[in-house]
Amino acid sequence: MLNTTGLSLDQAPPITVPFAFFLAAPFFAMLVGLLLVWQGEAVLASRWSPAALAATHLLALGFLTQIMCGALFQMLPVLAGAPVPGVVPVGRLTQLCLVPGSLALSWGLYAGGRVWLMAGGTALAVGVAVFASAVGIALARARGVPRTLMAMRLALVALVMTLLLGLMLLTALLGAQIPRFSAWVDLHLAWGLLGWAGLLIMGVGYQVVPMFHVTPGYPAWATRAGAPLVIAGLLGATLATGMGRVDAAAWLSLFAAVGLAVFAMVTLSLQRRRERPRIDVTLLYWWTAMLAILASAAAWLLGGRGELVGVLMLLGVGVALPTGMLLKIMPFLSWFHLQHRQVGARRFAVRLPHMQVFIPERAARVQLGVFLAALLCASLAAGLPGHPLAGWLGRTAGAALLVSSALLWWLQLGCYRRYRRIRCQLG
Amino acid sequence: MTSVITDSFTHDHHRCDRLLAAAETSLTLGDWSEIAPAAQALVAAMEQHFRLEEETLFPQLAQVFAVAANPIEVMTAEHAQMRALFEDLTAAVGTRDKDACVGILETLHFVGQQHNYKEETVLYPMADGALRERGEGIAACLPAQ
């Protein structure tokens, strides 16, 4: 039987579900900006400093995971014909755990309070469990492009693995003895960045890269091998870490990173052959993120500092790509929901503005420029510890991240306010 | 199972994608003697595609496969959304408002892409299954490539 769900907007969640996630995310990036202004050198000089651990989790959970959750709730009905069951309460509960959980965990990592660490870990465990169960049900029922679905399902598995490893590491911080602690931290990082974020980027990319800029489709060899390669590397690294083979684990994680790097190269080559000539801000963000993946893989291969790899992956990919996608998705969703309402209400006298009225392209370009300055300064500070300018670079990176995130939020808010105003006119 | 409808109508979507890309290219060059015909060619191609679906493909499919009625209604509603954008585009070309043309084409692109995705993955395979050999005749009405 053919699956006809997802054809109608009635299957999509109310616009407030994804928008609540999208509008909350920039605050976490602003917090990281403030932290960098205040202690930029400490954050970027050592990944083990309390400030660096806090900044990492604020970005990975508060910004990246937050947007990925909101986007999945929105995209699954359309891309995979699979609405998430109980999407409104599930969305609210997920966010109600994710926001305070990320803040509490980050504060606990920064200031070292047991209560904060336990509260953060518990809230995040509940939030991920709720999210993964509901999205897991939707993905199990989903029908659609098999390669995209495979990557998304594996990404969800990786999220759960990241959580379990994170909880294990938390018990160590609370006093339990875990041998080879730093190897388990690396594994947690690999599952989070390459697995959860990397695989989801691949799955979504297979669909949206050809759609957004009218490029040829991804070659079959790339979509067939990509996600399994990443997951095989991560599983191998987990096995090796468990057996105490730390060197082998590092090589196997690198294997997974190469899988993501191949995806980045294929993506850049497809985008070069795009038929839509415009170089819009979303395309520029995609280029930034794909180049950041390649740069971080190269830095890793050449034995570069882990802090630089982290900055490139977290800021260059984890902040850049979701930002670029939001700048397109939010205007489109606003327009689409309003159009649907207009047809339903038969209020054709109200003229709907086009997408770029919701988020003006020129303002978005300014936002991109400030963000790129943040990325550049943070990369230099992380790559050149102890340099006389490192402190200044770290603080400048922080200020630029603070401004670019505030600008992003302002653009998002403008989009939502325009949506609300026209919705009122439509009755 | 035949896939003649899926293949040929998907092919026609790509023809429209290329015309939209060509209209965007003409806008970047800024020559209004090029922009107006490029926009007209895009609107004409999409209208032709919609008409074949609404006057031939959808009625024939609805006749033999009642389940298709709801998805057909959704697809037809989205055609109406895009037709509203055609009017906006024609008006913006008339007043030579470049920013509006860029924004309208972008909106049309995104509405069209998600619409095409749904047709290509759900409605056309459904039509291939239900209409079988009649698909050849319908596909033959599409413009030659």
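Just so it is clear: chains get the letters A, B, ... in the order the sequence lines come, proteins before strands, and each one is counted from 1.
- The most heavy-atom pairs under 4.5 Å with chain A, out of B:Glu73, B:His115, B:His14, B:Glu106, come from B:Glu106.
- Dense packing is recorded around CD of A:Gln425, with more than 12 heavy atoms of other residues, nucleotides or ligands lying under 6.0 Å away.
- Between A:Phe212 and B:Phe110, some side-chain heavy-atom pair lies under the 4.5 Å cut-off.
- Using modelled atom types, one side-chain atom of B:His109 and one backbone atom of A:Met211 make a donor-acceptor pair closer than 3.5 Å.
- The side-chain heavy atoms of B:Asp99 and A:Arg362, taken from C-beta on, include a pair separated by under 4.5 Å.
- For the atom pair SG of B:Cys101 and CD of A:Gln356, the computed distance is 11.5 Å after rounding to the nearest 0.5 Å.
- Both the backbone and the side chain of B:Asp88 come within contact range of chain A, with heavy atoms under 4.5 Å apart.
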For B:Thr25 and A:Arg278, what are the C-alpha separation, side-chain angles and deciding distance, and is it a side chain to side chain contact (heavy atoms under 4.5 Å, CB included)?
-> CA-CA 8 Å; B:Thr25 308; A:Arg278 286 189 58 235; over 6 Å; no
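- Across B:Ala100, B:Ala22, B:Ala77, B:Gly129, the residue that shares the most heavy-atom pairs under 4.5 angstrom with chain A is B:Ala100.
- Interface remark: of the candidates A:Arg274, A:Glu275, A:His213, A:Glu275 forms the most heavy-atom pairs closer than 4.5 Å to chain B.
- Residue B:Arg132 places its CZ atom among 12 or fewer non-hydrogen atoms of other residues, nucleotides or ligands, all under 6.0 Å distant.
- Looking at B:Gln81 and A:Trp335, their side chains come closer than 4.5 Å, going by heavy atoms from C-beta outward.
- In plain terms, the two heavy atoms of A:Pro277 and B:Ala21 that are nearest each other are CD-O, 3.7 Å.
- In this structure, the side chains of B:Glu78 and A:Phe336 come closer than 4.5 Å at one or more pairs of heavy atoms.
- Counting heavy-atom neighbours within 6.0 Å of A:Trp410 CH2, excluding the residue itself, gives a total of 12 or less.
- Per-residue heavy-atom pair counts under 4.5 Å with chain A were compared for B:Leu85, B:Asn116, B:Leu27, and the maximum is reached by B:Leu85.
- Of the two parts of B:Ala84, only the side chain, counted from C-beta on, holds a non-hydrogen atom closer than 4.5 Å to a non-hydrogen atom of chain A.
- What you find for A:Met355 and B:Thr107 is that their closest heavy atoms are N-OG1, 3.0 Å.
- With a 4.5 angstrom heavy-atom cutoff, A:Gln207 touches chain B only via side-chain atoms.
- Between B:Asp17 and A:Arg276 the shortest side-chain heavy-atom distance does not fall below 4.5 Å.
- Neither the backbone nor the side chain of B:Leu108 comes within less than 4.5 Å of any heavy atom of chain A.
- Counted within 6.0 Å of CZ on B:Arg83, heavy atoms from surrounding residues, nucleotides or ligands total more than 12; the atom is thus considered enclosed.
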